[in-house]
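First comes the structure, then the notes that go with it.
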Protein chains: 2
Amino acid sequence: MDPTLDRTFAALADPTRRAILSLLLEDDMAVTDVAEPFEMSLAAVSKHLMILSRAGLISQEKRGRVKWCKLEPDAMRAASTWMKGFGQFKELDFDAFERFLEEEDLS
Amino acid sequence: MDPTLDRTFAALADPTRRAILSLLLEDDMAVTDVAEPFEMSLAAVSKHLMILSRAGLISQEKRGRVKWCKLEPDAMRAASTWMKGFGQFKELDFDAFERFLEEEDLS
DNA sequence: CGCTTATTCAACCATCTGGTTGACGATCCG
DNA sequence: CGGATCGTCAACCAGATGGTTGAATAAGCG
């Protein structure tokens, strides 16, 4: 029911966006530089960045003309936590998993 | 570029489908039983199960009239591996991460 | 055989997605 | 100031998504 988790997984479902995240792993980048390796318009990349931003996977800060994009690990960590918790309890203790979901509010 | 990873993350982006996976964690279930807790038509749940199935997150086996749905951990593991690898190399060794991506073919 | 249960199919609908192009606002620079 | 660069906005498009309903297929049961 967590809308953030929805947005995070949805954002990760696109290969262009995963590639953008890989780029940002190297360093913070301006929007134009993020767009450079992709064979699509700047506007399209800008939209992808907006989706990543609303999903909490990146943050954007405008300094002068240039908008800098920066990886934000927390959102991905939340998604990873959901998956980890999921596997952790398989064939083990379903009640414990239920409690885990309630605690984390990540059902 | 891995279409399976695309489908896996896309499948996980829907709260109904994540809830279905939680149900299946408890036990294998028939389609009708999976649908029971949800306030939507059986056809809608059937579609969700199809999406989970094509994403590799579950398998479905028909025995008699009844189609049994079973959790398949491999797909989620692949997604989890992508995320884990992602975090693992942050601010550490970008070249190693690049190699990881190539090896895993999970860019 | 005929009824009931299990599940999908088909058509339809509203909304979202990923892309385009062209215009626009903002900022830096000579 | 005037021009170039950075980035978004707006309108548009084709196709996917998540839901509905009603009919169809398939299998078990009396």
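Keep in mind that what you see is a predicted model, and the values were worked out from it rather than measured. Residue numbering restarts at 1 for every chain, and letters A, B, ... go by the order of the sequence lines.
- In terms of heavy atoms, B:Trp68 sits closest to B:Asp28 at CZ3-O, 4.0 Å.
- Note: CG (B:Asp6) to C1' (D:dT17) measures 15 Å, nearest angstrom.
- Protein atom CG of B:Leu49 is 14 Å distant from nucleotide atom C1' of D:dG18, rounded to whole Å.
- Dashed line: the shortest gap from a side-chain N or O of B:Lys67 to OP1 or OP2 of C:dT8 is under 4.0 Å.
- Rounded to whole angstrom, the span from the CG atom of A:Asp14 across to the P atom of D:dA16 amounts to 14 Å.
- In this structure, CG in B:Leu52 is found 9.5 Å from CE in B:Met76, a value given to the nearest 0.5 Å.
- A heavy atom lying under 4.0 Å from DNA chain C marks the following residues of residues 33-43 of chain A, by number: A:Met40, A:Ser41, A:Ala43.
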> Hey, mind stepping through A:Gln60 and A:Leu49 against side chain to side chain contact (heavy atoms under 4.5 Å, CB included) and telling me if it holds?
Replying inline: CA-CA 9 Å; A:Gln60 294 180 287; A:Leu49 288 168; 3.8 Å; yes

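- Atom NZ of A:Lys70 is separated from atom NZ of A:Lys67 by 15.5 Å, given to the nearest 0.5 angstrom.
- Look at CD1 on B:Ile51: it is 14 Å from C1' on C:dT8, rounded to the nearest Å.
- Nearest to the side-chain atoms of B:Ala44 among the listed nucleotides D:dG19, C:dT20, C:dT7 stands D:dG19.
- Residue B:Met50 contributes atom CE, which lies 18 Å from atom P of C:dA6 at whole-angstrom precision.
- A pairwise comparison of heavy atoms in A:Leu24 and A:Val34 identifies CD2-CG2, 4.1 Å as the closest pair.
- In terms of phosphate contacts, B:Ser46 brings no side-chain nitrogen or oxygen within less than 4.0 Å of OP1 or OP2 of C:dT7.
- We find that CD1 of B:Ile20 is positioned 13 Å from C1' of D:dG19, with the value rounded to whole Å.
- Contact between B:Thr8 and B:Ala79 at its shortest, heavy atoms only, is CG2-CB, 3.9 Å.
- Here D:dG19 is the nucleotide among C:dT20, D:dG19, D:dT8 with the atom lying nearest to any side-chain atom of B:Thr16.
- One can place CD of B:Gln60 at 16 Å from P of C:dA6, the figure rounded to the nearest angstrom.
- If A:Arg17 and A:Lys62 are placed on DNA chain C by their nearest nucleotide, the residue sitting closer to the 5' end is A:Arg17.
- Nucleic acid contact class of B:Arg63 (heavy atoms, under 4.0 Å, all strands): none.
- A donor-acceptor contact under 3.5 Å is formed by the side chain of A:Lys47 with the base of C:dG19.
- Taking the side chain of B:Arg65 as heavy atoms from C-beta on, and the options C:dG19, D:dT8, C:dT4, the nearest nucleotide is C:dT4.
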>> A:His48 vs A:Phe38, test: side chain to side chain contact (heavy atoms under 4.5 Å, CB included). Steps then yes/no.
In response: CA-CA 12 Å; A:His48 280 303; A:Phe38 299 100; over 6 Å; no

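- As rounded to whole Å, 11 Å separates atom P of C:dG18 from atom CZ of A:Arg54.
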